[in-house]
Structure formats: C-alpha cells, structure tokens
Amino acid sequence: MSDEVPESRIYVGNAGVDGASDAGWLLGHFKHPGDPRHSEDVEIKWGVHPPGDRRAAWAVGETRTALLVLISGRFVVEFRGRDVLLTEQGDYVVWGKGVDHSWHAEEASTVLTVRWPSVPGYKLG
C-alpha cells in the first residue's frame with residue numbers, strides 16, 4: 001500500500017492569482033466538485049481592496065459565521081450600531097449568524113475572510 005497522496009487531492013496556488021479569477025474566493029461550495037478547493041463546510045476569500053472600496057450592499061439575514069483577518073491596510077467592518085476598525089496586521093473580528101454587516105477599506109487593504117458553512121445564494125449582483 002502506498003502512502004502517497006494522489007495529485008488530484010492536492011492544490012498549490014497563490015491567493016492573489018487564484019482569487020483574481022473568482023472575486024477573491026479560494027475555497028467553497030462554488031468550486032467544482034472534485035477540486036480540492038470545493039467545500040460545503042467553509043469558504044475562504046483573499047480580499048484585495050483599493051482605498052475607498054466598499055461592499056455593494058449590506059449583508060442581511062446572514063446564516064453563516066465569519067472571521068475576517070487584516071493582512072495589511074486599514075479596514076472597517078460595519079455592524080448595525082458599531083464599526084470595527086482593523087489597523088494592525090493580524091487584527092480580526094468574528095460575527096455570527098443573523099448579524100447584518102458591511103465593510104469599507106480606508107486604505108489599500110488585504111483581508112482574509114473565512115465563512116462557515118459554505119451556502120449558495122449570497123453573491124451580490
């Protein structure tokens with residue numbers, strides 16, 4: 001019996017390059033089944049935002065939990081009645097199901113977002 005992992009179960013990439021082709025999303029239900037990046041349990045996004053970039057609309061009726069980590073820049077996550085400013089590399093915020101939110105980049109920013117579970121139907125038009 002071989003201990004080698006089949007190549008079809010390994011994916012090596014670059015978040016900036018791979019994310020550019022799918023609005024920043026690296027992993028989730030939206031990747032093709034059979035792709036190691038396909039998951040119905042979790043979604044991961046590498047978000048690169050120019051200064052002033054803003055979410056197109058508030059996320060409401062959220063059914064997922066999310067973690068957003070600042071890699072670089074100054075980034076604001078907006079909640080009803082509270083804004084969270086992330087300024088230092090590694091600053092993060094977590095919010096749960098049912099929490100409406102939006103965001104904007106005060107400076108050029110890179111953030112890593114993890115959401116779970118991975119649920120179809122949330123893409124903004």
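One is the number of the first residue; the rest follow in order along the sequence. Computed from a predicted model, the values in this text were never measured in an experiment.
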Spacing of [atom1] belonging to [X] relative to [atom2] belonging to [Y], to within rounding of 0.5 Å:
X	Y	atom1	atom2	answer
T110	Q89	OG1	CD	10.0 Å
W25	R37	CH2	CZ	14.0 Å
R115	D41	CZ	CG	14.5 Å

Report the residues that fulfil side chain to side chain donor-acceptor pair (under 3.5 Å) with [X], sequence neighbours left out, ordered by chain and then residue number.
X	answer
K45	none
D83	none
S118	H29, E43
E107	none

Quick one: salt bridge (charged side-chain N to carboxylate O under 4.0 Å, His left out) pairs with a partner in residues 87-104, sequence neighbours left out? R80-D100

By side-chain contact (heavy atoms from CB on, under 4.5 Å) - contacts of A59 (at least two apart):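 Expected list: R55, E62, H101.
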
Go through the structure and list residues passing side-chain contact (heavy atoms from CB on, under 4.5 Å) with P51, not counting sequence neighbours.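 Partners of P51 under the side-chain contact (heavy atoms from CB on, under 4.5 Å) test: A108.
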
For the side chain of H49 and the backbone of S109, is there at least one donor-acceptor N/O pair under 3.5 Å apart?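 Answer holds: no.
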
E78: what forms a salt bridge (Lys or Arg N to Asp or Glu O under 4.0 Å) with it, not counting sequence neighbours?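 For E78, the residues satisfying salt bridge (Lys or Arg N to Asp or Glu O under 4.0 Å) (neighbours in sequence not counted) are R54.
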
By the rule that ILVMFWY residues connect when side-chain heavy atoms come within less than 4.5 angstrom, directly or transitively, which residues belong alongside V99? L68, L70, F75, V77, F79, V84, L86, V93, W95, W103, V111

So which residues get pulled into Y92's cluster when ILVMFWY side chains under 4.5 Å apart are joined, directly or through others?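 Same cluster as Y92: L26, L27, V42, I44, W46, V48, L67, V69, I71, V94, L112, V114, W116.
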
Would you sort out whether E106 and V76 count as a side-chain contact (heavy atoms from CB on, under 4.5 Å), showing the intermediate values? CA-CA 7 Å; E106 286 192 349; V76 177; 3.7 Å; yes

Return the minimal non-hydrogen interatomic distance between S102 and A57, and the atom names on each side. OG-O, 4.4 Å

